[in-house]
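Each residue takes its place number in the sequence, starting with 1. As a basis for the values below, the full set of heavy atoms in this structure was taken, side chains included, without hydrogen atoms, waters or symmetry mates.
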Amino acid sequence: FQAEDGIRDRSPSRGLGDVYKRQIADLAFWSAGQHFNVVESCPLPAPIRLIFNMFSGIIAALGHITELTPRNDGTPTVRLSIEAGQLGLDDVTLGDSIACNGVCLTVVDTRKNSFFVDVSPETLSCTIGLDAPGPVNLEKALRLADRLGGHLVSGHVDGVGEVLRFDPVGDNRLLEIRAPEALARYIARKGSITVNGVSLTTNRVNGACFTINLIPHTLEATTLGHLKAGSRVNLEIDLIARYVERMLNPNASDASEAG
């Protein structure tokens with residue numbers, strides 16, 4: 001699926017090299033406008049705005065879905081009311097993006113310490129954790145000047161994995177997940193992967209299964225502490241791996257319809 005406010009170009013006929021060169025040129029032009037303080041005459045081009053609508057996988061707060069309400073506009077879209085916890089909404093405006101359990105969603109309203117997002121049936125069918133009241137991991141979209149503490153995360157879920165083990169190892173937890181087979185080739189030992197919006201490093205990889213060591217802070221600061229064998233989780237593969245494969249195999253079909 002594609003995020004509510006995201007567009008993924010699936011056309012294999014476009015040359016990625018040409019596209020990237022143009023986007024880099026656009027970004028350089030925009031940066032010059034920033035430097036000379038003429039932002040109004042040098043707005044950030046739409047393709048660059050899309051590329052930099054990113055996250056880091058460092059969860060900022062635990063939120064809570066409090067209500068799901070069907071829209072009254074004749075569409076099957078559902079509106080979620082989410083308590084923001086310690087996220088802070090003073091700088092959040094309509095149209096901003098917030099990752100909820102790793103899914104990039106668009107803010108359509110704010111009230112006190114809650115915000116509202118609209119979610120399509122397609123998104124609900126391809127993700128976990130947005131279809132019922134409960135806790136969610138929250139992260140605001142990055143700004144260009146923000147520190148990248150995790151790795152580049154798009155908020156476009158590539159598939160849903162299953163927890164095989166969640167075993168105590170001292171104060172830590174050993175988490176083993178089985179990913180969809182189509183994602184296996186993107187998962188590498190000591191590589192990055194996003195689980196329910198959390199940037200994590202894989203310790204071992206065996207086919208489509210991989211293990212992760214979760215430290216106490218991650219268990220306390222995210223929803224991952226509530227996992228158990230049989231739980232399902234949202235997975236997003238490393239963005240760099242996705243683009244490397246695309247450049248090496250420009251005519252290949254998509255690895256996953258979920259992403």
Side-chain angles (χ1 to χ4, degrees), residues 1 3 55-65 85 99-104 123-139 148-242 244-245 254-259:
F1 80 101
F55 306 90
S56 69
I58 303 300
I59 300 305
L62 278 172
H64 198 94
I65 298 175
C100 305
N101 271 1
V103 183
C104 178
T123 297
L124 292 174
S125 69
C126 296
T127 63
I128 292 297
L130 300 178
D131 57 351
V136 287
N137 297 318
L138 299 178
E139 182 191 356
L148 184 62
H151 71 283
L152 286 175
V153 176
S154 70
H156 297 179
V157 173
D158 291 297
V160 173
E162 180 185 0
V163 174
L164 301 180
R165 286 194 296 162
F166 191 66
D167 298 337
V169 181
D171 292 333
N172 297 349
R173 290 294 184 273
L174 177 65
L175 172 63
E176 183 176 8
I177 296 173
R178 178 168 56 219
E181 290 291 339
L183 301 183
R185 66 179 179 270
Y186 301 105
I187 304 171
R189 179 177 178 273
K190 300 303 180 183
S192 297
I193 192 164
T194 308
V195 179
N196 281 356
V198 185
S199 173
L200 298 168
T201 301
T202 59
N203 287 339
R204 296 181 180 179
V205 177
N206 182 15
C209 300
F210 60 94
T211 59
I212 293 169
N213 182 58
L214 298 178
I215 62 174
H217 174 76
T218 302
L219 296 170
E220 295 172 4
T222 73
T223 63
L224 300 186
H226 302 295
L227 295 178
K228 59 184 179 181
S231 296
R232 303 178 71 203
V233 291
N234 296 323
L235 300 177
E236 181 184 333
I237 59 174
D238 190 354
L239 191 67
I240 295 175
R242 193 202 321 270
V244 167
E245 186 195 44
D254 290 332
S256 171
E257 289 302 319

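Between atom OG of residue Ser154 and atom CZ of residue Phe55 there is a gap of 8.5 Å, rounded to the nearest 0.5 Å. Here the straight-line distance linking atom CZ of Arg242 with atom CG of Leu183 works out to 9.0 Å at 0.5 Å rounding. In this structure, CG in Asp171 is found 14.5 Å from NE2 in His217, a value given to the nearest 0.5 Å. Within the model, atoms CD1 of Ile212 and CG of Leu175 stand 5.5 Å from one another, a figure rounded to the nearest 0.5 Å. Rounded to the nearest 0.5 angstrom, Ile240 CD1 and Leu152 CG are separated by 6.5 Å.
A donor-acceptor pair under 3.5 Å links the side-chain atoms of Asn137 to the main chain of Thr223, judged by distance alone. Judged by distance alone, the side chain of Glu236 and the main-chain N or O of Gly155 form a donor-acceptor pair under 3.5 Å. A donor-acceptor contact shorter than 3.5 Å is absent between the side chain of Asp238 and the backbone of Ile193.
In this structure the side chain of Thr218 reaches within 4.5 angstrom of the side chain of Val198, judged on heavy atoms. The shortest distance between side-chain heavy atoms of Phe166 and Leu174 does not fall below 4.5 Å. For the pair Thr127 and Val160, the minimum side-chain heavy-atom distance is 4.5 Å or more.
Closest non-hydrogen pair, Val157 versus Cys126, comes out as CG1-O, 4.2 Å. For the pair Phe210 and Ala179, the tightest heavy-atom approach, listed with the atom from each and the gap, is CE2-CB, 4.1 Å. The minimum heavy-atom distance between Ile59 and Gly197, with the atom names listed, is CD1-O, 3.4 Å. The two residues Leu138 and Cys100 make their nearest non-hydrogen contact at CD2-SG, 3.8 Å. Taking both residues in full, the closest heavy atoms of Val153 and Gly57 are given as CG2-N, 3.9 Å, listed atom of the first, atom of the second, then distance.
Among residues at least two apart or in separate chains, side-chain hydrogen bond (donor to acceptor under 3.5 Å, both in side chains) pairs with a member in residues 187-203 are His151-Thr194, His151-Ser199. Sorted by first and then second residue, the side-chain hydrogen bond (donor to acceptor under 3.5 Å, both in side chains) pairs with a member in residues 205-215 form an empty list; sequence neighbours excluded.
Partners of Asp167 under the salt bridge (charged side-chain N to carboxylate O under 4.0 Å, His left out) rule, at least two apart in sequence or in another chain, are Arg165. Take Ala61 and apply the side chain to side chain contact (heavy atoms under 4.5 Å, CB included) test, not counting sequence neighbours, and it matches Gln86, Leu87. By the side chain to side chain contact (heavy atoms under 4.5 Å, CB included) test, Ala208 is found to be paired with Glu181, Ala184, residues two or more places apart in sequence or in another chain being considered. Under the side chain to side chain contact (heavy atoms under 4.5 Å, CB included) criterion, Ser231 pairs with Val163, Leu227, Lys228, not counting sequence neighbours. With sequence neighbours excluded, the residues satisfying side chain to side chain contact (heavy atoms under 4.5 Å, CB included) with Ile65 are Leu68, Leu80, Ile82, Leu130, Val136. Among residues two or more places apart in sequence or in another chain, the side-chain hydrogen bond (donor to acceptor under 3.5 Å, both in side chains) test is passed with Asn234 by none. Partners of Thr222 under the side-chain hydrogen bond (donor to acceptor under 3.5 Å, both in side chains) rule, at least two apart in sequence or in another chain, do not exist in this structure.
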Trace of the salt bridge (charged side-chain N to carboxylate O under 4.0 Å, His left out) decision for Glu176 with Arg204: CA-CA 9 Å; Glu176 183 176 8; Arg204 296 181 180 179; over 6 Å; no
Hey, mind stepping through Ile177 and Leu164 against side-chain contact (heavy atoms from CB on, under 4.5 Å) and telling me if it holds? CA-CA 5 Å; Ile177 296 173; Leu164 301 180; over 6 Å; no
Check the pair Glu162 / Arg232 against salt bridge (charged side-chain N to carboxylate O under 4.0 Å, His left out), numbers first and verdict last. CA-CA 5 Å; Glu162 180 185 0; Arg232 303 178 71 203; over 6 Å; no
side-chain contact (heavy atoms from CB on, under 4.5 Å) between Leu214 and Asn172, worked out: CA-CA 6 Å; Leu214 298 178; Asn172 297 349; 6.0 Å; no
